[in-house]
Amino acid sequence: MTTNADLAAWVKSVAEHTQAARIHWCDGSDAENETLVARMLEDGSLLRLNPQTHPNCFLHRSAPNDVARVEHLTFVCTAIQEDAGQNNNWMAPAEAHRVVDDLYAGCMRGRILYVIPYLMGPYGSPYSRAGVEITDSAYVVANMRIMARIGARALAHIEAGNSFVRGLHSVGDLNPNRRYIMHFPEELLIKSIGSGYGGNALLGKKCHALRIASWQARTEGWLAEHMLILGLEDPSGNITYVAAAFPSACGKTNLAMLVPPAALPGWKVWTVGDDIAWLHLGDDGQLWAINPEAGFFGVAPGTSSKTNPNCMGMLGRNAIYTNVALSPDQQPWWEGIDGPQPAGLIDWQGRTYDPKLGPAAHPNSRFTVAANQCPSYSIQANAPEGVPISAIIFGGRRSTVAPLIYQALDWEHGVFAGAAMASETTAAAVGQVGLVRRDPMAMKPFCGYNFADYWSHWLSFGQRSSRLPKIFHVNWFRKDHDGRFLWPGYGDNMRVLKWLVERCQGRIGAVRTPIGYVPRTEDLDVAGLDISRVSLEALLAIDPTIWVREVADIGAYFASFDARLPSALAAQVARIKGELARQLAA
Ligand code: SAT
Ligand code: MN
């Protein structure tokens, strides 16, 4: 129950409309969690994993048609369509309400309605924001309990008079034809129905902390971004904080928890967050970042002690696994995990594993685990003021075109580099995998308003401070002519980050090219790494002929935003075109 009359009235009206059997206000306690887990073990929505090897760990199998975010069913419902922009699906608010409210009618008959008050961001931070999710899924409650700060303190924050985002979720009948993820930024409201999976259902994450928050951030002068946050400690003990934007399933979690190679002694990575950053300009002119989340909802396949040892170190206890495979001795299993594939696997759909039926674990299978279990968790992760960001990294998955790393010439050019990002699609969203699409700032699925206005907002920071982070662009995924990755990635990405830190400190060289500052081969520390000079040169190469085409493509994409496109971005296109033309003519 609550003393907040608006909240009480909303819960009551939802309970009536959905005809929920009863209402449960979540306090986030261990006892409550145990009751929920017991209920889910009984109804089969959770399976207990091997308590010897994986104490307090559980497996959930979602409906096979409900395994990823559904971008084509995700809508931003603003009064004026242009405010949502061509980057979002749009529906008029009245119509959107009508469509989903019809589906909510009676949808919780015989079921429990859970009310989850939650806080995004550290307790006591002026930057933290509250929300309340109503859901009929105990699995959602158990995940939200790990991913956000739920319960009494969040409710107290709301009852103290702070605004909150309302999120209504029901699994409905899990029919994709009756599945919608609707956002009403002007009402600080989310309505989701028909999916129980990840970002479709854990409404604090993408729906609140990115789509609604990006809208609020624009009106209030801050940024809500799809970025990991990490601290890079150098051998002298200095920590440089970095925020990095990559599309879903492009290695944000691995980068956030990176273990540097032995050849770079004294370097250490501290994890603040792996998916979302809220960035505010401090009185000192620096950009300060908090991680609104309290846990990780990471992609399981490919995670191993080689690719992410810190992650493996936290997955053995108190974790919920979704759509991974199961070994005969009840341990979670996925493609790319350590060790040989055990015989007698059960696949993510509960069938005896048969390679003809596809992979054992779903490619978008996930683990949910509390951030404070991470061995590299930063002691600053809960600092109310956040951490000061010295560098922003944009990155995509590109087999060609983009070099391993470059540094933008200035803030304006950096915003261009982010806006021009492109990446090959992954299994994190429903649809074809491996297509190159423009994914500005890795926010294509998450920006809650018109991208042109979003870029203007980013550019406006250039007028507000002269102490903004330096901006970089990386690409770990470049391939040679035979389709092999040129760069080893994972821990060796520290070598690239070392160059970045030294650029921030003004201690290392680069060459200026039309697309930015690129390290010379001798600027990258490749000590102890088996890589040929030819590969290094290929990784750092900027082919002017290819870039002429790339910039033309970027220009055409920008042009589709018409008059709303900030002129500074068009000016960057023109500058780069001109410089490339002069280079080709020389
Ligand atoms: O399922 S989520 O949207 O939360 C994960 C992701 O796509 O990054
Ligand atoms: Mn993400």
Side-chain angles (χ1 to χ4, degrees), residues 60 62-63 66-74 118 120 131 133 135 137 139-140 142-144 146-148 167 169 171 179 181 183 190 192 194-214 224-230 243-257 271-278 291-303 311 320-324 362-369 371 393-397 421 423-431 433 437 439-448:
H60 171 76
S62 74
D66 183 31
V67 292
R69 281 182 292 101
V70 281
E71 295 178 9
H72 60 296
L73 303 173
T74 299
Y118 64 86
M120 301 307 290
E133 175 165 356
T135 180
S137 162
Y139 166 80
V140 164
N143 277 269
M144 282 291 285
I146 298 173
M147 296 305 298
H169 169 254
V171 292
R179 182 175 295 164
I181 323 294
H183 302 74
I190 304 152
S192 163
S195 167
Y197 200 84
N200 299 333
L202 313 178
L203 301 186
K205 195 174 178 56
K206 309 295 188 180
C207 299
H208 176 166
L210 287 175
R211 298 195 190 95
I212 300 286
S214 63
E225 298 298 325
H226 191 205
M227 291 177 175
L228 65 91
I229 308 164
L230 56 74
F246 297 82
S248 299
C250 286
K252 282 202 301 299
T253 306
N254 293 341
L255 186 62
M257 297 170 198
T271 309
V272 177
D274 82 328
D275 196 39
I276 301 177
W278 286 356
N291 171 13
E293 300 191 282
F296 307 118
F297 183 66
V299 178
T303 307
C311 190
I320 300 174
Y321 292 88
T322 303
N323 291 343
V324 301
H362 188 276
N364 193 37
S365 56
R366 300 271 174 163
F367 52 78
T368 319
V369 65
I393 304 176
F394 294 118
R397 182 185 281 273
M421 259 172 70
S423 193
E424 290 151 22
T425 50
T426 69
V430 169
V433 167
R437 73 163 180 182
D439 191 353
M441 281 82 169
M443 285 287 277
K444 170 71 187 71
F446 308 121
C447 183

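Whatever order the structure lists them in is the order used to number ligands and atoms, beginning at 1. Bear in mind that the values here come from a model prediction, so they are computed numbers and not experimental data.
- Between Asn291 and Ile229 the shortest side-chain heavy-atom distance falls below 4.5 Å.
- At a heavy-atom distance under 4.0 Å, only side-chain atoms of Phe297, from C-beta outward, approach ligand 1.
- Of all atoms in ligand 1, listed by their number and element, those nearer than 4.0 Å to a heavy atom of Ala428 are 7 (O).
- Near Ser248, meaning under 4.0 Å from one of its heavy atoms, ligand 1 places the atoms 6 (C), 7 (O), 8 (O).
- By the 4.5 Å heavy-atom criterion applied to side chains, Met441 and Met227 are not counted as neighbours.
- Aromatic ring centroids of Tyr118 and His208 lie under 6.0 Å apart.
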Glu71 and Arg437: salt bridge (charged side-chain N to carboxylate O under 4.0 Å, His left out), yes or no, with the steps? CA-CA 14 Å; Glu71 295 178 9; Arg437 73 163 180 182; 3.0 Å; yes
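- Close approach of ligand 1 to Gly199 (heavy-atom distance below 4.0 Å) involves ligand atoms 1 (O), 2 (S), 3 (O), 4 (O).
- In this structure, the side chains of His183 and Cys207 come closer than 4.5 Å at one or more pairs of heavy atoms.
- Inspection of the Ser423 and Asp439 side chains reveals no N or O donor paired with an N or O acceptor under 3.5 Å.
- The atom of His226 that is an N, O or S and sits closest to the Mn ion (ligand 2) is NE2.
- Numbered from 1 in the order shown, with element, the atoms of ligand 1 that lie under 4.0 Å from a heavy atom of Gly198 read 1 (O).
- Lys206 lies close to the Mn ion (ligand 2), since one of its N, O or S atoms is found at a distance under 2.8 Å.
- Lys206 places none of its side-chain heavy atoms less than 4.5 Å from the side chain of Asn200.
- Heavy-atom contacts of Lys205 reach the following atoms of ligand 1: 4 (O) (cutoff under 4.0 Å).
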side-chain hydrogen bond (donor to acceptor under 3.5 Å, both in side chains) between Arg69 and Ser248, worked out: CA-CA 10 Å; Arg69 281 182 292 101; Ser248 299; 3.0 Å; yes
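- Among heteroatoms of the N, O or S kind in Asp275, OD1 lies nearest the Mn ion (ligand 2).
- Below 3.5 Å of separation, one finds an N or O of Arg69 facing an N or O of ligand 1.
- Less than 4.0 angstrom separates some heavy atom of Arg366 from each of these atoms of ligand 1: 5 (C), 6 (C), 7 (O).
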